[in-house]
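Notes follow the structure.
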Number of protein chains: 2
Amino acid sequence: MRPPDFARMLRRSGGRATPGRLRLMRALWKEPAPVTAARLQKSLGRTLNLATLYRALDALAGVGVVRRVDFRHGHAHYELAAPARAHHHHLACTGCGAVEDVSCTLRPRLKRASAFSAITDHAMEYFGLCKACGARGAERVSRTRTEAME
Amino acid sequence: MRPPDFARMLRRSGGRATPGRLRLMRALWKEPAPVTAARLQKSLGRTLNLATLYRALDALAGVGVVRRVDFRHGHAHYELAAPARAHHHHLACTGCGAVEDVSCTLRPRLKRASAFSAITDHAMEYFGLCKACGARGAERVSRTRTEAME
DNA sequence: AACACAAATGCGAATTATTCGCAATAATGT
DNA sequence: ACATTATTGCGAATAATTCGCATTTGTGTT
């Protein structure tokens, strides 16, 4: 699978296909799991200012190109969303921070939400222990510890 | 439904039933929706130091008494978890920040997660527009704006 | 009822993540 | 080539959350 036409995606979503955002999307495309803004910046060779990066991520998330994920680590993680990337969810190890994708098999079929007119998105993350951590009996690891590990 | 025996819950989870934590849990018990640490502190009359509050929330979340929820607002929200409160999820309005509970009808039945030995928890939030925001055409509200509203 | 000890608290300072203001640049449609 | 407007970089500002440390206080035990 070759990378989608990011330039077109950006323009169609009302934005501009700036070199910065294109590099950002290509970098995200290569990431195997959701990344923090800081790591993303590093993977871009520290070009692209962090504030700019956050603004881009926010804008992209706003039009649904990027997805913001929460692993309860105290900071956000980002990943490409559909259509560049198939809809899916995550399994996050509370021991070491390992993350694994889970295909989204369940169709969240809520009964008509009383006070809502539309459901536009949903987030779902599973938490548990990967085999390694489960084996070593890593019952509970402090959040701080977990963060340090990524 | 009368409030559970928080003192006992605390002790059983390996902690102490200090007046502070008891007040904290009673306050959480009364909240109709997940709250931020700051608001919780305010609802406690600003007694209970904020650092202490965070430590308590973290500890309680660690033993599963409290649940940390992410509405993509840039800060965490907390609520009581089972058994004090039935398992459920949320519907969050991206326009005004309104939150509504959703009973958890779906049984997340993942096929044995390859690299995981145990799934201990999961989080699921739905995002959309409440009727009010949907009507007034509040397509997109900046995250900052949303935060200010809570 | 008095103890011993670890857990919990308060305070203030430190970190971290994320956002802002503003002037300078650059992508797009015409 | 131009005008318009989004985007960028920078440095400073916020906001949320955590830390260090001395002090207090539950709890299980004598």
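We name chains A, B, ... by the order of the sequence lines, and we start the count at 1 in each one.
Arg67(A) approaches Ala123(A) most closely through the heavy-atom pair NH1-CA, 4.5 Å. Closest heavy-atom contact between Phe127(B) and Asp70(B): CZ-O, 4.1 Å.
Between Leu80(B) and Phe6(B) the shortest side-chain heavy-atom distance falls below 4.5 Å.
In this structure His88(A) satisfies the ring pair (Phe, Tyr, Trp, His ring centres under 6.0 Å) test together with His90(A), sequence neighbours excluded. Residues that satisfy the salt bridge (charged side-chain N to carboxylate O under 4.0 Å, His left out) test with Asp101(A), not counting sequence neighbours, are Arg85(A).
Contact check of residues 7-17 of chain A against DNA chain D (heavy atom, cut-off under 4.0 Å) returns Gly15(A), Arg16(A).
End-to-end axis angle for the helix from dA1(C)-dT30(D) to dT30(C)-dA1(D), using five pairs per end and rounding to 10°, comes out at 60°.
Classification of Asp121(B) and Arg72(A) as a salt-bridged pair holds, one side-chain N sitting under 4.0 Å from a carboxylate O.
Sorted by first and then second residue, the pairs that involve residues 15-29 of chain A and meet side chain to side chain donor-acceptor pair (under 3.5 Å), not counting sequence neighbours, are Arg23(A)-Thr47(A). For residues 40-51 of chain A, no pair satisfies salt bridge (Lys or Arg N to Asp or Glu O under 4.0 Å), with sequence neighbours left out.
When the nearest nucleotides of DNA chain D are assigned to Leu53(A) and Thr52(B) by heavy-atom distance, the more 5′-ward of the two goes with Leu53(A).
Note: CG (Asn49(A)) to P (dC20(C)) measures 15 Å, nearest angstrom. With rounding to whole Å, His77(B) atom NE2 is found 13 Å from dA15(D) atom C1'.
Side-chain atoms of Arg55(B) come within donor-acceptor range of the base of dG20(D), with a qualifying N/O pair under 3.5 Å.
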